[in-house]
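Values below: all heavy atoms of this structure, side chains included; hydrogens, waters and symmetry mates excluded. Along the sequence shown, the residues carry numbers beginning at 1. Not measured: the values here are computed from a predicted model.
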Amino acid sequence: MEDRKANIIAAVTILALLAVIIAARVCLKLSRTFFLIAGVDISLILAVICFLIIRSRYNRERKLLVSKYVSEGRELRIEYSFLRKVAGVPTKFKLEDLEEATDGFRSQIGKGGSGSVFKGVLKDGSQVAVKRIEGEEKGEREFRSEVAAIASVQHKNLVRLFGYSCPNRQRFLVYEYIPNSSLDIWIFPDRGNRRRSGGGCLSWDQRYQVAIDVAKALAYLHHDCRSKILHLDVKPENILLDENYRAVVTDFGLSKLIARDESRVVTDIRGTCGYLAPEWLLEHGISEKSDVYSYGIVLLEMIGGRRSITRVAVEETKTNTTTKKKEKKKLEYFPRIVNKKMRERKVMEIVDQRLIEDEEIDEGQVMKLVCVALWCLQEKAKSRPDMAMVIEMIEGRVPVNEPPDSEVVVVDLLAADDDAATGVRRVVNIPRLHIQRERNFRLPSICSSIISPISPR
Ligand SMILES: Nc1ncnc2c1ncn2[C@@H]1O[C@H](COP(=O)(O)OP(=O)(O)OP(=O)(O)O)[C@@H](O)[C@H]1O
């Protein structure tokens, strides 16, 4: 626009100068004054023409330079984002970037206890899942160190954290997008009680592979990182499935870093009802074996296609003057049923019925997974295998012995809560004081049904 204006002014100026020469020629004939005026005019015309030439050259060069810088800048940005990804350095995103990527947080793909998850696409084309953390009051320093811990882990069965954002008091985590959602909707017929669309029934082979993938992810966190990383929230909702139905463990929101030489730590209760190891409640301190316990529960849930704790209806008939039928609900603890069936050599009865109807399942494999799961569920953390051993057992390099009858299984007290019998209620940072077992500790009546021998007696 500027260029056009300047060109028009220059053309008008030249025309005006030419008009002056012509007018001078008519009025002054070939006098000295005419030659003087014509000389000045011609010099001015030449000056304007020179100005136009120099200006257009300058503009052309400037345009070339700008486009060169733009393309170099774009390349640099792409290179930089590539290097960041390779190095695993989390990017700090601006809120506007995330708003643009998620189209104003429009496409929600999930909601968990700690926030909502939205699908988005970054400027470089990568698909992401943006988790908006809600309700958790975390300081920026604490949030950043958590981000750094997550970003430092690199394993194909662990979700990658691309970056984070903490504008004002809001907190966002930006993960790689995993297309097939979480395991719960692929193993529980009711889609994990979340009324979510999608999902289906994972085949036996796929479940077996998921069991190996999750074991590898946990083994890496426990044994192969600089500090031991305890996940502390292993459950089907935190196991995502990629395009090939391979497992990717996510949600490190509750994870804890402990030094390699530290065997146990005492911390506030965190995790999800139904997946908490007994030591959370027995003041023994927790360790990587607490993840092993949760993994054992997930294994059984995958085999059976049902939650570890379910509330089932039982009919009770009361005879007073009239016969009344009353429906009562009781808690059913799947590991106890599994243990009983295994001792009776009827393991196929615990396998997800949908699988039995559809395919031939190797009983040896079922027996192996059940035994591994029951080893992981041993009440004493010391008796449980570590995750490296679990991989050896599942992949068949180490024989799996029949696990001993665990004397007592403590299903977390919180899971006995009416609403929590689905096993999806998350508990975060409950001070241990609330459940401290004192010398004269008496179990509330509800707990007598949940602190009970695993084997039928
Ligand atoms: N990286 C991802 N790619 C694709 N979908 C995801 C991703 N992360 C989470 N989701 C979806 O969002 C849902 C909720 O995720 P979130 O981690 O908040 O859930 P949660 O584990 O159930 O919650 P909680 O925080 O209570 O443990 C998941 O179950 C999954 O369907």
Undergrad: Of the non-hydrogen atoms in Glu301 and Pro236, which two are nearest, and what is the gap between them?
TA: OE1-CG, 3.4 Å
Undergrad: Examine the side chains of Ser203 and Asp205 and answer whether a donor and an acceptor come within less than 3.5 Å of each other.
TA: no
Undergrad: How far apart are the closest heavy atoms of Ala277 and Tyr293, and which atoms are they?
TA: CA-CD2, 3.4 Å
Undergrad: If you define the side chain from C-beta out and look only at heavy atoms, does anything of Arg207 sit under 4.5 Å from Val210?
TA: no
Undergrad: Using every non-hydrogen atom in the two residues, find where Leu122 and Ala101 come nearest and quote the distance to one decimal.
TA: CD2-CB, 4.2 Å
Undergrad: Any chance the side chains of Arg306 and Thr310 put a donor and an acceptor closer than 3.5 Å?
TA: yes
Undergrad: Indicate whether the side chain of Asp386 and that of His222 have a donor and an acceptor atom separated by less than 3.5 Å.
TA: no
Undergrad: Over all heavy atoms of both residues, which pair between Glu359 and Trp204 is shortest? Give the atoms and the distance, please.
TA: OE2-N, 3.1 Å
Undergrad: Considering non-hydrogen atoms only, spot the tightest contact between Ser165 and Phe93 and give its length.
TA: OG-O, 3.0 Å
Undergrad: Any ion pair linking Glu363 and Lys368 (charged N to carboxylate O, less than 4.0 Å)?
TA: no
Undergrad: Please test Asp251 against Lys131 for salt bridge (Lys or Arg N to Asp or Glu O under 4.0 Å), starting from the C-alpha separation and ending with a verdict.
TA: CA-CA 10 Å; Asp251 204 349; Lys131 185 165 184 173; 3.4 Å; yes
Undergrad: Please identify which of these residues, Val117, Ile109, Leu98, Leu173, meets the side chain to side chain contact (heavy atoms under 4.5 Å, CB included) condition with Val130.
TA: Leu98
Undergrad: Classify the ring geometry between Phe172 and Phe105 as parallel (under 30°), tilted (30 to 60°) or perpendicular (over 60°).
TA: parallel
Undergrad: Answer yes if the side chains of Lys119 and Ser107 hold a donor-acceptor pair under 3.5 Å, and no otherwise.
TA: no
Undergrad: With no hydrogens and no angle check, is any side-chain donor or acceptor of Asp291 less than 3.5 Å from a backbone partner on Leu232?
TA: yes
Undergrad: For Thr250 and Asn238, does a side-chain donor sit closer than 3.5 Å to a side-chain acceptor?
TA: no
Undergrad: Does Glu402 come within less than 4.0 Å of Arg343, counting only side-chain N to carboxylate O?
TA: yes
Undergrad: I need the minimum non-hydrogen distance between Val390 and Pro385, along with the two atoms involved.
TA: CG2-CG, 3.8 Å
Undergrad: Do Thr272 and Lys235 touch side chain to side chain, with heavy atoms closer than 4.5 Å?
TA: yes
